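Quantities reported herein were computed from a predicted structural model and do not represent experimental measurements. Scope of the values below: all heavy atoms of this structure, side chains included, with no hydrogens, waters or symmetry mates. In what follows, residues are counted from 1 in the order of the sequence shown.
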Amino acid sequence: MSSFRRDFITKPIFSLARGVLPAMSDTEREALEAGDVWWDADLFAGNPDWSKLLAYPQAVLTAEEKAFLNGPVDELCAMLDDWKINWEWRDLPSEAWDFIKRQKFFGMIIPKEFGGLGFSPYAHSEVVRKLSTRSLAAAVTVMVPNSLGPGELLMRFGTKDQRERWLPRLADGRDIPCFGLTSPEAGSDAASMIDSGIICKGNFEGREVLGLRLNWHKRYITLGPVATLLGLAFKAYDPDHLVGQQEDLGITVALIPTHLPGVEIGHRHLPAMQVFQNGPNWGHDVFIPMDYIIGGQERLGQGWKMLMTALAAGRGISLPSLSAAGAAFAARTTGAYARVREQFGISIGKFEGIEEPLARIAGIAYLLDAARRLTCAALNQGHHPAVISGIMKLQATERMRIAIDDAMDIHGGKAVIDGPQNYLGSLYRSVPVGITVEGANILTRNLIVFGQGAIRAHPYLLEEMNALGDDDRARGLDAFDKALWKHVGHSFITLFRAWGRSWSFGMFAPAPDAGDATRFYRQLSRYSAGFALCADMALLTLGGALKRKEMLSARFGDILSELYLLSAALKRWQDEGREPADFAALQWCMAQGFKTIENRFAEIMANLPNRFVGIVLKFLIQPFGARVVGPSDLVVHQCAQLVLEPSAARDRLTPDLAHVDDDGGPARLEKAFLLVAATEDIAKRMRAAHLHDSREVVKRGVITQAEGDQLAAAHEAVAKVIEVDDFAPEALSPIYKKAADVHQFFQEIGEQRAAS
C-alpha cells in the first residue's frame, strides 16, 4: 500500500514540487541550519504542551554570579556619570576602562580554563541589564565582546591553538575585540559584501607562508576604533587553486590583529549621540597566514554559518536585556514621577489619561523581562533557538520604543530639557540604535521571524524541503513520501482542532490548573491551533511565493511572537508563585496580546491571495471577527497602580536596576517618591483642613510638628525632582564663550585705564 501511494500519488506531487521549489542560496540555507528549535516548535505545531513549559528550569544565578553583580558591577555603576560620559568626555573615563579589563567584564562568557569568568547567559544578561540603567555606553561596551564577536566564535569554532592563544588575552583585557561584518555595500545582505581575501603566498613575521591578502571597508563596528583584535568577515577566493579546485570559496571569518600593516582604525561614528566606541575600519593589502582563519583552513567558506550560529544565541541576550532594562527603568521612574508630580492640586498619576500609558509601560516591563528570563533559561540549557532570538531582538527593541515614548510623554518638559538631571534623554536617543542593529527590525519582522520559523519550527516542512533537494531522486522520494503524509495527517488534525477551539472560544482547549490564569492558557491553545492551520494553508497555496508576500509573513510573525511572549508571561507568573498583586500586569499583557493576535488573523484572512481559502479560514477560525478589544479600563487602572505605590509588586516588576546614591536624577526621584508616599496621610489631613500653610496647620493641631517637618522634607524633595537644568550661554557654545572672553578682555582694559 505504501509503495502504491509513493509511486502513484506522492511521485507526481514530488516532481511538481521539485519543479516549483525556489532555489535556496547558500546564505539562506546556512541561516536556516543555524541554531535549533525549542518552545517555538510546540507553538508552531498548534498544540503546545503547557506542562513542558512550566517544567523548564528557571534561569538562576550562581553564588559567584550574584557576588559579581553585587560587587564589581555595582562598583562600575558608581564610577559612571552618564552626563559627563556623553557630553564632556565623549567616552568612558579611563578608570572605568581599566576596571572593566581588570575585573574581566570582557571575559564573562569565556570559560575559566582560559582565564574568563565562565558565566551563564543569564548572568551575562543580568550584568547588561543593570549597567544599561546607569550608562548605555558602558552597557554596550561590555555586552558586545560577550555577544557576537571573536570570543564566542573562537569558543565554538576555533582550533585548540587559537583558543589557547587568544582567549586568555580577550578575557583579561589585553586585547579589545570587535567584529567587522557590515560594509557600505552590504548591510543585511551579507552575500553582497565586496570585502575580499585572496589566497596567496606571502611573508609573515620573517617567513613565507600560505595565507590571504585582504582588502576591506567596514562601518558601524562597535569597539572598532579601540580594538586590538578584529574579527573580520570577507569573501575568500582562490584564483590560483592553491587549496583546491574551487575559486569562489564563500564568506570566511578570520582574526586580524589591528597593528598589522595596512589596517586603519580609529575614526569614530556618533550613533544617535551615543558615545560608545563605534566606527569604520579599512584594510589595504593586509596579509595574514591561514591559521588566522577562525577554525583554521578547513573553515574556509563556512563563515556565514558560523556567524548565524553565534547570532542565534547572542541576539537573544544583549539587546533584549538592554530593552527589558529600559522598560523596567521607565516603569520605575515614570511611576515615581507621576506620583510626586502634581497638577491641579492632585498627583498626575491619578488622571486616567496618565494611567493608560503608565499601564502600558508597566505591562511592557513585565512582558519583556518574562521573555528575557525564559530565553535565558533556554540558553542556559544549551539551546540556541534562532527563531526565538529573532523574536526577542525584534519585539524587545520595538516595545522598548513604545515604553520610552510613553515615559517621555508623561515626564513632559522634565525629560525634554537635557542636563545631568535628565535620566531619560540618553535612553530616548538610543532607541533607534537598538531598532537598527543586529538585523534591522523591518527585515526581521517581514522576512526572518516567520520565514525562518515556518521552515525550522514546523514539524515537517524542513524534512520535505530536504527531501526535495536531495540529489538522489529515489532517496528523496522515499523521504518526501514519509514527511508529506505525516504533514497531511497533521494538517487534518490541526483543522479540526482549530475549528473546535475557535467555535467554542477555547472553552475546552487544554490548559494546566493555574487558578485565575487557566483561561489564558486555553486561549493561547486556541490561537496556536489557528496559527498552525493558517500557516499550513498559506504555505500550501503560496508555496515559495510566501517569502515575497512580506506583509503576510510579517503578520504571521507577529502572531508567533505574541504566542511566545505571552507564554513567557504565564511562565513568569507561575515561577514567581502566582502573586495576586502581579495579576493585573499579567491581565494587561494577555488582553493586549490577544487583541494583536485576533487583528493579525483578520488581516491575514482578508489578504490571502486565494480568496476561497481566506473565506474558509475565516469561517473556521474567526466566524465572528476579531472580538478582543484590549485591556479594560479597570485592568489599566490596576496595572498603573503597580508603579504608583512603594510595594513588593513594584520591586518585582523592576528588579536589579542600578541604584547609586549620588543625588543624581534617579536617586533624587526615588527619595522623593518614598517621602511623598510616607506623607500621603499627612497631606490628606492638611487638604481636609483647607489650609495650605504647613505652619498654620501645625499651629491648629491638625498635624504634629514632626509631621510638618516630614511634609516639608517631602515638598523640598519634590521641588528638586521637578527641577530641570539650565546653562550659561558660554557653557553651551564656543561662540558665546568667545564673545564672553572678548567682553572680559575689554572690561579688564577699561578697569586698568580707570586705575591709571
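- When only modelled atom types and interatomic distance are considered, T252 and R299 share no side-chain donor-acceptor pair under 3.5 Å.
- Side-chain atoms of S135 do not come within 3.5 Å of backbone N or O of L80 as any donor-acceptor pair.
- Looking only at atom types and distance, the side chain of E398 has a donor-acceptor partner in the side chain of N441 under 3.5 Å away.
- Under the 30°/60° scheme for interplanar angles, the aromatic rings of F44 and H458 are found to stand perpendicular.
- Checked by atom type, the side-chain pair D195/N215 shows no donor-acceptor distance below 3.5 Å.
- The nearest pair of heavy atoms linking S553 to N446 is OG-O, 3.2 Å.
- Between the side chains of R456 and Q452, no donor-acceptor pair is found at a separation under 3.5 Å.
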- Query: Run the ring-ring contact (aromatic ring centres under 6.0 Å, His included) check on W38 and Y56 step by step: do they pass?
  - Reply: CA-CA 11 Å; W38 188 56; Y56 288 138; 4.5 Å; yes
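- No donor-acceptor pair under 3.5 Å is formed between the side chain of R134 and the backbone N or O of A139.
- When every heavy atom of M392 is checked against every heavy atom of A371, the shortest pair comes out as SD-CB, 3.5 Å.
- Heavy atoms only, all atoms of each residue included: V253 and I293 are closest at O-CG2, 3.5 Å.
- Classification of R572 and D575 as a salt-bridged pair fails, no side-chain N sitting under 4.0 Å from a carboxylate O.
- Closest non-hydrogen pair, S321 versus V128, comes out as CB-CG1, 4.0 Å.
- The local environment of OH in Y220 is sparse, with at most 12 non-hydrogen atoms from other residues, nucleotides or ligands closer than 6.0 Å.
- Counting only distance, with no hydrogens or angles, the side chain of Q246 and the backbone of D248 share a donor-acceptor pair below 3.5 Å.
- Here the options are T141, T222, D91, the test is side-chain hydrogen bond (donor to acceptor under 3.5 Å, both in side chains), and the partner is Q277; only D91 passes.
- Aromatic ring orientation, H217 versus W282: parallel (interplanar angle below 30°, classes split at 30° and 60°).
- K201 places no side-chain N or O within 3.5 Å of a backbone atom of E208 that could act as its donor or acceptor partner.
- For the pair E126 (side chain) and A123 (backbone), a donor-acceptor distance under 3.5 Å is absent.
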- Decide yes or no on side-chain hydrogen bond (donor to acceptor under 3.5 Å, both in side chains) for W39 and S567, but give the supporting numbers first. CA-CA 9 Å; W39 179 242; S567 297; 3.2 Å; yes
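- F179 is listed as a side-chain neighbour of L153, based on a closest heavy-atom distance under 4.5 Å.
- Side chain of D238 to backbone of V243: a donor-acceptor contact under 3.5 angstrom is found.
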